[in-house]
Amino acid sequence: MSDSIILGIESSCDDTSAAIIQGNKILSNIAANQEIHNEYGGVVPELASRAHQQNIIPVVQKSVSKANIQQKDISAIGFTRGPGLLGSLLVGTSFAKSLAMSLKVPLIEVNHLQAHILAHFIDDANPLPPKFPFLCLTVSGGHTMIVVVKDYFDMEIIGKTIDDAAGEAFDKIGKIFGLDYPAGPIIDRLAKLGNKDAFQFNKPRIENYNYSFSGIKTSVLYFIQKEVQKNPDFIAENLNDLCASVQKTLVEILMNKLEKAAKELNINEVAIAGGVSANSGLREAMQKNAEKLGWNIYIPKFEYTTDNAAMIAMVAKLKFDRGEFTDLSVSATSRYDIEESFKKEVVIKDK
Ligand code: KG4
Ligand code: ZN
């Protein structure tokens, strides 16, 4: 069934996105970003769902026309069921359901985190896809975890954050520096101009493969408050160095646990996924480990790192091939573990 054309819809946070996949090839991947949140320093859920409602029809239409297909060519519709903001998820879920009903095609629910990981199997994501089992550091604005990916639908979370996510740490620390939301990409850009050894921040001591990012956020806050008392222009005068030092520390925290897991589990196929995998410091650290430790590394193309519907379409395609469809009575869910999504009852229909 690899010729089937599938529409993927993503609306879990503040990006409305639609993509068309045929086989493992993405024919279009359209996203409307919601700039309205920038001035609030974070995503405002009510504004996000309203913007999704405005964007979803034009985004889907554009994905269809850019793919050079017609709606009647679509064989199934995949959508993000969770995790994410409930109001945002509801817009994508309701839209996917009604379109599936009107086109009389099957509906396929997708776990957003599984999709970040399986984005690696989109045909232009990597020169070669990762080999099972591989480790995937999945780092986004809402999640930070190390996953052992044994198969497309067999994944084990071996470590995760006990407080903030890595992307949240970038965004919250950026806010302390007075940067706009999302601060992750801004810190990344400014870090390139600064000295990463200018300031030292303590790293957490956490058991096993788990992470913690709330400590570094607090220590940056106290450090900045102290310095600004002495010199009100401290941030402006040192912004690039501050960004470089923070990024270096966050990347080291992420990589230390990933290295520990790769060594102890004896896995040298190592991937990164999620919005923070766009970070150039993290990408460099992965490259270094490919040379130093002999890792085979998988770093997604930028367009498949932050939230996008191509990754949703990819998982929908894999489920379509397995005959795994979702009943129209499905509801969105804001909390949705990867492992939980494998336990669900499967609805099999004729293709
Ligand atoms: O995966 P994603 O688009 O949405 C969630 O599922 O959360 O991730 C968004 C997060 C934000 O926290 C953003 O600051 C971070 O990814 N991010 C980055 C970079 N690009 C996006 N963090 C660091 N460096 C980047 N280049
Ligand atoms: Zn995401």
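Values below: every heavy atom of this structure, side chains too, minus hydrogens, waters and symmetry copies. Computed from a prediction, not measured in an experiment: that's the story for all the values here. Order of listing sets the numbers, starting from 1, for every ligand and every atom in it.
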Rounded to the nearest 0.5 Å, what separation is found between the [atom1] atom of [X] and the [atom2] atom of [Y]?
X	Y	atom1	atom2	answer
Met314	Asn29	CE	CG	13.0 Å
Leu250	Lys203	CG	NZ	10.5 Å
Arg335	Leu86	CZ	CG	12.0 Å
Ile253	Thr161	CD1	OG1	10.0 Å
Leu107	Leu328	CG	CG	5.5 Å
Ile173	Gln247	CD1	CD	11.0 Å

Is it true that, when you exclude Ile57 itself, more than 12 heavy atoms of the residues, nucleotides or ligands shown sit nearer than 6.0 Å to its CD1? no

More than 12 heavy atoms of other groups within 6.0 Å of Lys301 NZ: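 It does: Lys301 NZ has more than 12 such atoms within range.
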
Could you tell me whether the Zn ion (ligand 2) has an N, O or S atom of His143 under 2.8 Å away? no

Just wondering, is there an N, O or S atom on His112 that's nearer than 2.8 Å to the Zn ion (ligand 2)? yes

For [atom], the protein heavy atom that lies nearest, with its residue and separation:
atom	result
atom 17 (N) of ligand 1	Gly275 O, 3.6 Å
atom 7 (O) of ligand 1	Gly141 N, 2.8 Å
atom 22 (N) of ligand 1	Gly184 CA, 3.4 Å
atom 15 (C) of ligand 1	Val276 CG2, 4.0 Å
atom 12 (O) of ligand 1	Asp171 OD2, 2.6 Å
atom 24 (N) of ligand 1	Asn279 ND2, 3.0 Å
atom 2 (P) of ligand 1	Asp307 OD1, 3.3 Å
atom 26 (N) of ligand 1	Asp188 OD2, 2.9 Å

Can you confirm whether the side chains of Ser17 and Asn308 place a donor and an acceptor under 3.5 Å from each other?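 Result is no, nothing qualifies.
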
Just by distance, no angles: are the side chains of Ser214 and Asp164 close enough, under 3.5 Å, to form a donor-acceptor pair? no

Counting each atom of ligand 1 from 1 as listed, which ones have a heavy atom of [X] under 4.0 Å away?
X	value
Gly142	7 (O)
Ala278	20 (N), 26 (N)
Ser140	1 (O), 5 (C), 6 (O), 7 (O), 8 (O)
Gly167	12 (O)

Centroid-to-centroid, Phe132 to Phe121, below 6.0 Å? yes

Under a heavy-atom criterion of less than 4.0 Å, does His112 contact ligand 1?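 For ligand 1, residue contact (heavy atoms, under 4.0 Å) with His112 is present.
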
Are Cys13 and ligand 1 in contact, using a heavy-atom cut-off of under 4.0 Å?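 No, Cys13 has no heavy atoms under 4.0 Å from ligand 1.
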
Among the N, O or S atoms of Asp307, which one sits nearest to the Zn ion (ligand 2)? OD1

Proximity of Thr306 to ligand 1 by residue part, where a heavy atom lies under 4.0 Å: both

Record the part of His116 in heavy-atom contact with ligand 1 below 4.0 Å; permitted values are side chain, backbone, both and neither.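 Contact part for His116 vs ligand 1: side chain (C-beta onward).
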
Shared ILVMFWY cluster between Phe213 and Leu137, side chains joined below 4.5 angstrom? yes

